[in-house]
Amino acid sequence: MDRILDGTVYSGATFGMELHTASSQEKAGKNPVTGDERIIPTICHGCAYGGYHCGVLAHVKNGIFTRIEGNIYNPLNEGRLCAKALSAVQWVYNPQRLKYPMMRVGERGENRFRRISWDEALAVTAERIKTIREKYGPEYILFAKGQSSSWGGLHQFLWARFMYALGSTNFTWWGPYVCYGPQLLYHRLTVGGRTYARPDYSNADLIIEWFTSGGKGGAARGGVETMDTNLRSVPSKILERIHKGARLIVINPQMIPIAANGRAHKWLPIRPGTDPALALAMIHVIIQEGLFDKDFVEKWCSGFDRLKAHIRGYTPEWAERVTDIPAREIRSVAREYATTKRACIRISESPEKYDLQSFGMAIPILIAITGHLDRPGGNVWFYPAKHLGFDTLIGRVPEEARRKTLGGEKFYIKRRGRMTADFISVVDALITGEPYRPKALMIFGANPMSTARNPVLISEALKKLEFILAVDVVPTPTVRFADVVMPAATRYECDGEPAIWENHLTINNRIVEPLWEARNELEVTLDLACRLGMAKDFWNGDYTAMINDYLKPVGVTFEELKKNSLKGIYMPRTEQMDERERYEKEFQSLPDKKVQLYNTELEKEGFNPLPAYKGEPEDPFNTPLLLREFPLIFTDEHSDYVNHHSWMRNVPWLREIRRYPYVKINPKTAVAYGIGDGDWVELVSIHGKMKALAWVFPGIRPDTVMGQHGWWQGCDELKLPEYSVLNGGTNPNVLFNWTKRDPVTGNLTKNTLVKMRRALPPDAVIPVEERV
Amino acid sequence: MRYGLLIDVSRCIGCYSCVVSCKSLHRIAAGKTGRRRIKDIVRGEYPKVARWIYPVSCMHCDNAPCILVCPAGAIVQREDGIVVIDKKRCNNCGKECIPACPYDALYFDDDRQVIDGCDFCAERVGLQRKPLCVEVCPGRVMAFGDLADPESGISKLIKSKNAVPLKQNLGTRPKVYYANLKLDVV
């Protein structure tokens, strides 16, 4: 089965699992290993739910969910577990959860709610949606989902179907417009494929972790996910490979954990916001020194000569001034990458940029011209054996309705078939009323007040709506703005979301009945659909029928999969999993069916066809005058392995590891500003200000301070209060420029300039709760 | 049988999985020191820095200072080498054992009013399982096994990796070994 460090081979028998779980998960039984405990296999939700995640064994004693162990049969984690999974019981039984449906009684955002029944909550919501749809039109209804429910899984299918059945394509969410989606667009525009060509860690001799957060996402994940691997770190795969002799290069303004313990043979502490300059200079070196894969370039790339001419000015000496990485290091990394046959690059959302285009294009160009595309140990397209899903009914939305998609005239949305709205256009439409002002918003597990830029603007936008439904596990700052609040169940209280990774099918099981009055969001959605007269399109509200429909592409039933939830079901491997060098197939979507070193599709749309360095809205080069007053570079290190974006800071075992919103400061900088480790500081940019606790850390650039988004929640058990997400609170998103957007995708910056001073702790905020 | 633990820090990313697994299994509340901690040490000055992240806990010393100093004689080493606190005998004074430990491995749990430390998940070991932290570790950092048997997996690994205990010079003869930890290298 699985080997640990000392070579012990584990099998199910080692864990005593065959004795109970496999024979009957539902029957309590005494066995020599676990006593009276019942052990139920399910999948973890710590990195998101609704998709494929680590396999866990939930222990239940006298009806109480007591703890978690790893499921060695799950091929993704093979029994490994991270801190988030291991503290699941504190997430489920957390006193800070939303417990009952509520209705707003005060002004919007005022935080006064009264408890109502589920029937009333659903009836009011259905009535408001129905009225708004009839009075204004379906496009006046918005839908937002968050990262919590994963991407491309059952939740997304159901909610898309819900919106399309209503007739609206204003299905929006925050992430894809500041995060993963825009980078993916550039990737696909350059090298085609249906998703990212991802690092094939297991076969690589050189691994470049480019501004990733080591261990971001669950630390236990051992594989590449089907949909959104880019959000996940896969440290165990990297560690395993390093152990076998692979070299690791880490490009990051701070020394992240994966670079620690002598693992990285090079740490390049890049100046935040300048990653494209490094990538362009690497291309420069590789072309100038003739280190590119001549056969591949000749056969599969177009526009090489134009790229070569374009790249001439991007010398390592130029890049040294911009990135603060010595030119000789840039040359050395470029040579090492180009001349190592099996070398892969992983980028993440962390270097998120206004200047995303140059970075988003330069990375796939680097991968392609060096012959690392879709070859073992390089960057490979990983596809599952099969995809799950049902018809979202998008075909029923007429072309004229699709034209009403907010942001639908934008290239990014147009290219996606106007099936989803552009988040920024939605916010603009709400504030300006142009081209029209939407009236209703249904939010399922999204928290834009914390995670979107800019929260002050978002709060204004939310106030323009006539009706907001918020469904969440916890009372987020976004819930504060809702008219109707519904308490969502955690996934440990829900049954049956099938998921596939590679060729392995698995499913989650209910561990305990929903606590308080929480309900499964999927059931709530079916219920709402039925109340809106759409029962026929929603399996007449039959949950099992929905799951079976979702499973149809793989020919397995809900019942069969549930029976096999300990080990899952393996589908036969398919060609698309194991084939490499699939250029003919994957380049179909590209002009000339070749890698676009010069991008004719973007040129046709009026955009720059080549990656040209621009820098960030506020940086030492673009705004040198500003630097005098705001002398430090600020960026966000994204999330880490003890939280999930803006979720889970209420979990005591996780929160004690990172108690306060923090900002990492080099000791030299701290001394210069008279700041000690553990002092509260205030960071001020030209856009806003926030507070954080100083973490004096020698492994960060002295000109840079790094914070983390998602901080708002208190932790009752540790007596830590809730903080504001608005200006002056603990939210880095108030610091960034909002108006300068990447022209192609609308992506926003995560880099700015700040000044810093010691400050008093931030004010506490009263959490959302029933209060008339 | 002499149970011991090998920690290969070249595989540790400081993810706190071992810390939380321990708290969840032994029901230790958040805010308490707990049986396991993560050390995160940064040496040197930017840009020449080295960061060392690794877990520490009771070292199950064969020559354990805590055993020697306990006035109640409540800390004992079992035949299999595991150092345990006999909760019946312990009067929870913590006055001697806590300061005596050179590894800061013991702590006082003020909720439960007990002195507590790692016992290698003795109950699990009795059931032929490994400590939970060893099983769930994302980096497969740890090996657990019999140090008395030169042919055991852990004994061979300690030899091949040149693993050594922490603060070896104190003569405490710990049974937790560390490999690839080079705190003096910047």
Side-chain angles (χ1 to χ4, degrees), chain A residues 3-8 10 14-16 32-33 67-70 77 79-83 85-87 89-90 214-215 218-222 235-236 239-240 242-243 255 257-263 267 269 641-642 652-657 666-668 697-702 715 717-718, chain B residues 6-25 27-32 34 38 40-47 49-54 124 127-130 132 134-145 152-157 180-182 185:
Chain A
R3 284 162 197 281
I4 66 163
L5 183 64
D6 63 2
T8 307
Y10 278 164
T14 321
F15 284 72
V33 178
R67 62 187 190 88
I68 286 270
E69 291 202 18
N77 65 315
R80 295 179 291 252
L81 285 181
C82 78
L86 287 157
S87 47
V89 295
Q90 291 190 336
R221 305 173 68 93
S236 57
L239 294 166
E240 204 56 56
I242 293 173
H243 220 66
M255 181 173 267
I258 198 85
N261 293 2
R263 271 183 296 260
W267 168 46
Y641 38 55
V642 290
W653 282 326
L654 299 177
R655 185 62 182 269
E656 69 173 335
I657 297 165
N666 185 282
K668 266 191 192 155
F697 179 58
I700 185 169
R701 297 175 55 84
C715 178
E717 193 172 318
L718 294 171
Chain B
L6 167 67
I7 296 171
D8 181 351
V9 303
S10 72
R11 303 177 67 116
C12 177
I13 51 167
C15 71
Y16 287 85
S17 165
C18 55
V19 171
V20 177
S21 70
C22 181
K23 289 209 159 181
S24 73
L25 180 65
R27 313 297 302 161
I28 300 164
K32 312 295 166 210
I38 296 288
D40 187 348
I41 295 169
V42 189
R43 291 273 164 91
E45 223 175 274
Y46 179 91
V49 294
R51 186 176 183 183
W52 296 99
I53 313 175
Y54 55 98
R124 290 170 76 85
L127 298 165
Q128 307 304 310
R129 296 281 299 267
K130 303 200 177 210
L132 185 59
V134 176
E135 279 182 7
V136 299
C137 174
R140 298 293 194 225
V141 171
M142 293 175 276
F144 180 77
S152 71
I154 186 170
S155 296
K156 284 189 195 158
L157 278 166
N180 296 309
L181 180 62
K182 298 161 194 157
V185 176

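Letters A, B, ... mirror the listed sequences (proteins, then strands); counts begin at 1.
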Test of understanding: with side-chain contact (heavy atoms from CB on, under 4.5 Å), list the residues that count as partners of A/I242, not counting sequence neighbours. A/I238, A/L248, A/R263
Contacts of A/E240 that satisfy side-chain contact (heavy atoms from CB on, under 4.5 Å) - sequence neighbours left out: A/K244, B/R11
Heavy-atom pairs under 4.5 Å with chain B: which of A/K668, A/R67, A/E717 has the most? A/R67
Most contacts with chain B, counted as non-hydrogen pairs under 4.5 angstrom, among A/A260, A/G262, A/P698, A/A259: A/P698
Main-chain N/O of A/Q90 paired with A/S87 side-chain donor or acceptor, under 3.5 Å: no
Just by modelled atom types, is the B/I53 backbone N or O under 3.5 Å from a matching donor or acceptor in the A/N261 side chain? yes
So what's closer than 4.5 Å to chain A heavy atoms on [X]: side chain, backbone, both or neither?
X      : answer
B/L25  : both
B/L132 : side chain
B/C18  : neither

Donor on one side chain, acceptor on other, B/S21 and B/S24, under 3.5 Å: no
Roughly how far, to the nearest 0.5 Å, is the OG atom of B/S10 from the CG atom of B/L181? 10.5 Å
Side chain, backbone, both or neither: which part of A/R655 has a heavy atom under 4.5 Å from chain B? neither
If you tally heavy-atom pairs under 4.5 Å against chain A, which of B/G14, B/C137, B/C12 wins? B/C12
